[in-house]
Asker: 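Questions regarding the structure given below will be posed in turn.
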Amino acid sequence: MSAGEGRHLAAVPDRPPAAGVLYVHFHPVAGPALTEDTYDGLLALLAEVTPVVQALPPDAALLDVRGAVRYFGHDPAELAALLRVRALARYGADCTVGIAGNPMLARMTAHDGPPGSVRTLPDDAQAVAAFLARKPAAALYGVGPATARTLCAYGLDSVGRIAEAPLSALQRVLGAAAGRRIHERARGIDPTPVTPDARVRSMGSEHRFGSDELDPHRRRRALLALADGLGLRLRQSGQVARGLKLTVRYADGSSTTRSRTFPEPTAHTPELTAAAYALHAALGLQRARVRAVALRAEGLCDAQLVAHQLSFDPEDEKARRVEAAVDRARARFGMAAVGLASAHHVA
DNA sequence: ACTTATTTGCCGATTGGG
DNA sequence: CACTCCCAATCGGCAAAT
């Protein structure tokens, strides 16, 4: 933080320690939703100020403007105001901005008051402590109902109390990793950097049955549709998955998950489907009232980064050409254009 | 051959935005 | 508007593998 104070830039006056992280949350000023195109435009707008923009789809972003501040000769609040004006003028989108010393505090600052304004939390220990002290435990980012309940059971109902609690106590209650993180966050410490091009680590989808499903065949049918959609999404984004996870949700609200790692990362529907079927079969559900099934592709990585293992099976080659053709047809004519073509290739 | 440290796989639990 | 349900995505922790 103290690196590069830029004292050679005499134009920069004395000011409080830089609070250089912006959390920006866009609201459509009219209309129900922010379109994807508008969001892309807004991200581009943010990128005019700094390249360090982390998209938080569908309607928010984090910026690190510590570099931009010196370059533009404006402080973060002035940059935020500038961004607000531009977003409104170009896209009719209002935004709420929180400015603080790290991503967590920037988020909390943005959520701390009414929408449509810019709020700054000085990057100063006193100010941060005062800001956090009286917040309820659940206000800490990463603390949800379950953790808050656990903490409250030990009398730790405010962030201030949590900050005073010894690390060892928090770790005993929440576990080593979670305890350490809460301990830091309650003190306003969040080492998370603003990461441009933050890649997604998994993608998945779920199929909920109209009524609790008892028929394994129908469940397999749903899995095929999910695997097919997942494969398409993977291929469209140029990614491959290292593994697949199946989640089955039951009528009573409970759920079971099973996962499997592929011999080789893949985005092909037949492999995904085969894995989904295998996971489903391995569960051996008897007379289970299944409310929903979900598939998740995990360990995503760039398709070009994985070494391709050549297939010597002409059937595979053919299936992949068909798959590519189906992808193109769907891209051109819509999902309904071609049915679940892969059904024929799965044992 | 054995011990230990680190990674990978697996699965349930949790978060937070809609 | 509060509330609940929904659901994609990630995390924590344990065990097996390296």
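Fair warning: this is a prediction, and the values are worked out from it, not measured in the lab. To find a chain, count down the sequence lines: A is the first, B the second, and so on, and within it residues start at 1.
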Asker: Looking across every strand, which nucleic acid part, if any, lies under 4.0 Å from R180(A) by heavy atom: base, sugar-phosphate, or nothing?
Answerer: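 The residue R180(A) makes no contact with any strand.
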Asker: Rounded to the nearest angstrom, tell me the gap between atom CE in M108(A) and atom P in dT15(B).
Answerer: 15 Å
Asker: Can you tell me the distance, in whole Å, between the CZ atom of R249(A) and the P atom of dC7(C)?
Answerer: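 These atoms are roughly 6 Å apart.
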Asker: Mapping G175(A) and R233(A) onto DNA chain C by nearest heavy atom, which one lands closer to the 5' end?
Answerer: R233(A)
Asker: Could you state the NZ-P distance from K245(A) to dT14(B), rounded to the nearest angstrom?
Answerer: 14 Å
Asker: Which part of the nucleic acid, if any, lies within reach of R258(A) when heavy atoms closer than 4.0 Å are counted: base, sugar-phosphate only, or nothing?
Answerer: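 Sugar-phosphate contact only - R258(A) comes under 4.0 Å of backbone atoms but never of a base.
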Asker: May I have the distance from R260(A) (atom CZ) to dC10(B) (atom P), rounded to whole angstrom?
Answerer: 9 Å
Asker: Counting the atoms with a prime plus P, OP1 and OP2 as sugar-phosphate, which does L230(A) contact under 4.0 Å by heavy atoms, base, sugar-phosphate, or nothing?
Answerer: nothing
Asker: Whole Å only: how far is the CZ atom of R242(A) from the P atom of dT10(C)?
Answerer: 14 Å
Asker: Determine the interplanar angle of the H207(A) and F209(A) rings, folded into 0 to 90°, and report it as parallel if under 30°, tilted if 30 to 60°, perpendicular if over 60°.
Answerer: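 Taking F209(A) first and then H207(A), their aromatic rings stand perpendicular (interplane angle over 60°).
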Asker: Taking K245(A) first and then E298(A), would you say they form a salt bridge - that is, a charged N and a carboxylate O separated by under 4.0 Å?
Answerer: yes
Asker: What integer distance in Å separates H111(A):NE2 from dG16(B):P?
Answerer: 10 Å
Asker: Could you tell me the separation between the NE2 atom of H207(A) and the P atom of dC7(C), rounded to a whole number of Å?
Answerer: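 Rounding to the nearest Å, NE2 of H207(A) and P of dC7(C) are 10 Å apart.
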Asker: What nucleotide among dG18(B), dA8(C), dA13(B) has an atom nearest to a side-chain atom of R296(A)?
Answerer: dA8(C)
Asker: Out of dG13(C), dA8(C), dT15(B), which nucleotide sits closest to the side chain of S205(A)?
Answerer: dA8(C)
Asker: Reckon T261(A) touches a base, only the sugar-phosphate, or nothing at all at heavy-atom distances under 4.0 Å?
Answerer: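 Sugar-phosphate contact only.
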Asker: Measuring from the side chain of D59(A) (C-beta onward, heavy atoms only), which nucleotide among dC7(C), dT14(B), dG18(B) has the closest atom?
Answerer: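 Among dC7(C), dT14(B), dG18(B), the one nearest the side chain of D59(A) is dG18(B).
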Asker: For Y23(A) and H111(A), take the angle between the two ring planes, folded into 0 to 90°, and tell me which bin it lands in: parallel under 30, tilted 30 to 60, perpendicular over 60.
Answerer: tilted
Asker: dG9(B) phosphate, OP1 or OP2: any side-chain N/O from S259(A) under 4.0 angstrom?
Answerer: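 For dG9(B), neither OP1 nor OP2 has a side-chain N or O of S259(A) closer than 4.0 Å.
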Asker: Could you check A178(A) against A294(A) and say which one's nearest nucleotide on DNA chain C is further toward the 5' end?
Answerer: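 In this pair, the answer is A294(A).
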Asker: Strictly below 4.0 Å: does R208(A) bring a side-chain N or O up to OP1 or OP2 of dC7(C)?
Answerer: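 Result: yes.
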Asker: Going from CD on Q54(A) to OG1 on T192(A), what distance comes out if it is rounded to the nearest 0.5 angstrom?
Answerer: 9.0 Å
Asker: Give one of base, sugar-phosphate or nothing for S255(A), where a contact means two heavy atoms less than 4.0 Å apart.
Answerer: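 S255(A): no heavy atom of the nucleic acid under 4.0 Å.
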Asker: Give a yes-or-no answer on whether the side chains of T35(A) and D37(A) include a donor-acceptor pair shorter than 3.5 Å.
Answerer: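 There is no such pair between these side chains.
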Asker: As an exercise, state the distance from CG of D112(A) to CZ of R107(A), rounded to the nearest 0.5 Å.
Answerer: 15.0 Å
Asker: When the distance from CD1 of I182(A) to P of dG12(C) is rounded to whole Å, what number comes out?
Answerer: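 Taking CD1 of I182(A) and P of dG12(C), I get 10 Å after rounding.
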Asker: Could you please name the option among dC7(C), dC11(C), dG13(C) that lies closest to any side-chain atom of E206(A)?
Answerer: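 Closest nucleotide among those given: dC7(C).
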Asker: Taking the side chain of T257(A) as its heavy atoms from C-beta onward, which of dT15(B), dA8(C), dC11(B) lies nearest to it?
Answerer: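 Between dT15(B), dA8(C), dC11(B), the one nearest the side chain of T257(A) would be dC11(B).
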Asker: So if I take every side-chain heavy atom of M203(A) and compare against dG12(B), dT15(B), dA9(C), which nucleotide ends up nearest?
Answerer: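 Closest of the options to the side chain of M203(A): dA9(C).
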Asker: Look at the side chain of Y141(A) and decide which nucleotide, out of dG17(B), dA9(C), dT15(B), has an atom nearest to it.
Answerer: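 Minimum distance to the Y141(A) side chain belongs to dG17(B).
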